[in-house]
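Written out below as structure tokens is the structure these notes cover.
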Amino acid sequence: MNNLTPREKATLEALAACIIPEGGPVPFGFKEINYLPFIEEMAAAVPAHIRWVIHFNLWFIEYFGCLYLHRLKAFSKLGLNDRELILLSLRGSKRFLIRGIYILTSALFLIPMYKDESVMNAIGYTGFKNGVNKIT
Amino acid sequence: MIIDSQTLEENFHADADVVIVGSGAGGAPMAYQLAKAGWKVILLEEGRNYTPYSFERKSWEPMRDMYRDSGMTFTLGTPSIPLPMGRALGGTTIINSGTCFRIPEKVFGHWKNEFGLSEMEYSDLVPLFEKAEDMIHVQSAPLETLGANNRLFMEGATKLGIQSKPLNRNIINCKGAGLCVFGCPENAKQSMEKNFLPAASNLGATIITSARVEKICIKKNVASGVEGIFLDEQRKQRTKFTIDAPVVVLSCGAIYSPHMLLKNGIANRSGQVGRNLHIHPASKVIGIFDEEINAWSGTPQGAYSDDFAAEGIMLEGFFLPPAILSFALPALGRKLKDYMADYSKMAGFGVMVTDSSRGRVMRGLGHFPLVLYNLNQSDTDKFVKGIDIVSRIYFAAGARKILSPVHGMDELTSVDDLEKLHRAKVRAADLELSAFHPMGTCRMGDLAKNSVVNSHLETHDIKGLFVADASVFPSSLGVNPQMTIMAFSLFAANYLVNNKEKYRA
Ligand SMILES: Cc1cc2nc3c(=O)[nH]c(=O)nc-3n(C[C@H](O)[C@H](O)[C@H](O)COP(=O)(O)OP(=O)(O)OC[C@H]3O[C@@H](n4cnc5c(N)ncnc54)[C@H](O)[C@@H]3O)c2cc1C
Ligand code: SF4
């Protein structure tokens with residue numbers, strides 16, 4: 001998806017720090033995980049209407065996420081705590097579209113994170129090694 | 001022969017005795033049975049043929065290729081529920097979990113009482129179940145492939161006096177790879193493209209993939225064929241095609257068959273097309289234990305308990321690779337990492353509900369149907385009970401923590417916490433659900449005024465137009481549906497074979 005705009009990349013960066021943070025019991029995070037090439041490759045390969053959903057979700061989070069904080073500021077310009085609060089509100093929302101935006105957006109980071117061999121080793125998932133669970 | 005439409009000429013035209021639309025649990029047995037009886041069969045499938053499929057692929061590629069809309073299909077309502085469907089040769093059976101049940105006699109009895117079904121008896125279905133089970137190699141999941149995930153549940157259940165058993169599955173040499181829902185990488189799961197479809201092809205049926213039917217042709221209230229488009233690599237229209245046939249069988253599944261009828265504005269004098277949607281909503285309970293479970297090793301859906309089936313609750317095993325499970329867990333950021341650090345200590349079991357809630361399939365934009373569904377309070381209460389039972393079983397088996405699918409009650413650490421769950425007055429919007437079994441949207445019955453097809457699955461309104469898939473079930477089945485769909489489809493095929501004269505072109 002070489003049509004990712006600089007603003008979308010900024011939104012992705014701001015999201016990554018919340019969804020796959022550094023530290024904690026799994027010693028890998030947004031600095032080690034190559035999420036951007038994964039997202040670009042995936043978005044280039046999926047059908048156009050799915051690609052549209054990815055763009056829409058990023059746009060929504062960037063410009064409307066702040067409504068959950070009752071103020072107007074782009075998501076990528078907010079501090080980490082505020083960003084986390086927004087994502088928690090999206091995740092806990094009872095409105096299906098909003099919760100869906102959270103789930104699909106978090107998947108953009110969690111899939112590359114938990115299919116990374118170092119991460120899979122760290123969490124004790126060896127299924128991918130024995131030649132049987134080839135899809136990681 | 002099984003051919004991709006890209007090898008066929010522009011503006012393709014052919015004649016057949018029967019044209020079948022869709023190659024899943026409904027379409028494939030129909031094609032086989034009619035081809036065996038010497039009918040000239042053409043089966044059209046929108047998806048591609050993924051056999052042999054390279055499984056050395058990235059996690060999203062099987063989703064993109066084998067699932068409709070890359071797996072991003074949802075119901076609209078409270079709560080919104082992901083409703084994935086297959087779009088490939090073999091239909092949804094290529095990405096299903098391989099669990100096999102016959103329709104419970106009680107459910108069939110209820111359908112007969114309510115809807116007549118005068119031409120169909122349970123005894124008629126028994127040999128058809130046997131035939132289908134034989135074709136797709138149904139057997140009890142071998143204990144050695146169950147893995148600790150299912151064994152742990154069974155141990156906990158036994159402690160509480162709850163019965164549980166290995167599930168029947170359609171497998172040959174299952175290695176317990178745990179990837180059934182991405183297409184079995186071991187060729188162990190016996191989905192339709194491994195048995196009914198090649199057998200139909202060997203008997204002379206023509207099976208065309210990347211062929212999407214758009215129009216059902218009708219002449220003087222009698223079916224006369226279909227029109228549609230052949231798709232190119234990008235899933236765009238390459239050329240048009242027409243098939244003339246005096247019998248048309250819709251087996252597009254319970255979302256796309258009614259959508260086809262609605263789009264064409266046919267077979268809906270009853271006003272029931274698209275209504276009565278049931279989906280068997282399902283939810284998951286994760287137990288975190290002190291010891292390593294490695295739940296990913298072994299058949300994910302390997303065991304079950306139907307002790308609470310009378311209350312509309314089925315419990316069936318499940319588990320997922322970490323990349324997929326991670327975004328289904330109730331946490332974000334650091335907290336999610338804490339949970340994922342315990343991935344190898346997790347076990348998972350599903351709660352599936354026989355839903356009294358009814359949704360509706362409506363015409364949407366272009367090929368996209370609108371699927372509306374609201375979960376009612378009675379079904380919500382069944383979930384609370386099911387989550388309670390699985391949690392108790394896991395605590396009895398030694399779990400130190402439960403991750404529940406109820407918002408705001410994400411983590412339960414003791415049986416006492418379950419009291420909170422009951423006191424919380426859980427509403428539908430609080431639940432995290434998914435669903436895999438749409439049905440009921442072209443329901444069968446004797447009366448044209450309240451059903452869409454009769455008990456040999458022919459539409460009341462249009463002679464020669466049949467629906468053979470999960471849409472014909474009059475209510476929620478209560479067990480995984482693929483076998484019942486196959487048996488019903490064989491039943492309708494036998495009717496056609498015995499009445500061929502009626503449908504001469
Ligand atoms: C993840 C998952 C796990 C499941 N696990 C189980 C299980 O363990 N046991 C069980 O019994 N059931 C299971 N199911 C459900 C089961 O697989 C389905 O109920 C069953 O396959 C439905 O059969 P069908 O013939 O109604 O439709 P499908 O099998 O969905 O087949 C419909 C086919 O029609 C094609 N089609 C649609 N429209 C058109 C068109 N216009 N032109 C041409 N082709 C078209 C589609 O591409 C599709 O291939 C599962 C489902 C899912 C999603
Ligand atoms: S458990 Fe593995 S080997 Fe067995 S059917 Fe499923 S994917 Fe295939």
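The shown structure was predicted, so the numbers you read here are calculated from the model rather than taken from an experiment. Lettering follows sequence order; numbering is per chain, from 1.
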For Val46(A) and Ser70(B), which heavy atoms make the closest approach, and how far apart are they?
-> CG1-OG, 4.2 Å

When rounded to the nearest 0.5 angstrom, what distance separates CD1 in Ile103(A) from CZ in Phe74(B)?
-> 7.0 Å

For Leu320(B), is it the side chain, the backbone, both or neither that has a heavy atom under 4.5 Å from a heavy atom of chain A?
-> neither

So which heavy atom on Pro47(A) is nearest to which on Arg64(B), and how close?
-> CD-CG, 4.3 Å

For chain A, find which of Pro79(B), Ala328(B), Ala341(B) contributes the most heavy-atom pairs closer than 4.5 angstrom.
-> Ala341(B)

How far does CD1 of Ile324(B) sit from CD1 of Ile111(A), to the nearest 0.5 angstrom?
-> 5.0 Å

Of the backbone (N, CA, C, O) and the side chain (C-beta and beyond), which part of Tyr102(A) lies under 4.5 Å from a heavy atom of chain B, both, or neither?
-> side chain

Of all the heavy-atom pairs spanning Gly124(A) and Asn294(B), show the shortest one and how long it is.
-> O-OD1, 4.1 Å

Give me the contact list for residues 66-75 of chain A versus chain B, heavy atoms only, anything under 4.5 Å, ordered by residue number.
-> none

Taking every heavy-atom pair that is under 4.5 Å apart, which of Gly77(B), Pro82(B), Gly333(B) has the most such pairs with chain A?
-> Gly333(B)

Roughly how far apart are Leu108(A) CG and Phe327(B) CZ, rounded to 0.5 Å?
-> 9.5 Å

Is any side-chain heavy atom of Glu84(A) closer than 4.5 Å to a side-chain heavy atom of Arg334(B)?
-> no

Segment of Ala107(A) engaging chain B (4.5 angstrom heavy-atom cut-off) | both

Would you please go through residues 17-33 of chain A and name the residues with a non-hydrogen atom below 4.5 Å from one of chain B, in numerical order?
-> Cys18(A), Ile19(A), Pro21(A), Glu22(A), Gly23(A), Gly24(A), Pro25(A), Val26(A), Phe28(A), Gly29(A)

To the nearest 0.5 Å, how far apart are CZ in Phe109(A) and CG in Leu336(B)?
-> 13.5 Å

Tell me, side chain or backbone of Asp342(B) under 4.5 Å from chain A's heavy atoms, or both, or neither?
-> neither

Heavy-atom pair with the smallest gap, counting every atom of Asp69(B) and Ile50(A) | O-CD1, 3.4 Å

By a 4.5 Å heavy-atom criterion (distance strictly below it), what part of Ala331(B) contacts chain A: side chain, backbone, both, or neither?
-> backbone

Non-hydrogen atoms of chain B under 4.5 Å away: do they reach the side chain of Leu97(A), the backbone, both or neither?
-> neither

So which of Arg427(B), Lys345(B), Met340(B), Met72(B) has the biggest tally of heavy-atom pairs under 4.5 Å with chain A?
-> Met340(B)

Can you tell if the side chain of Glu432(B) reaches within under 4.5 Å of the side chain of Arg99(A), non-hydrogen atoms only?
-> yes

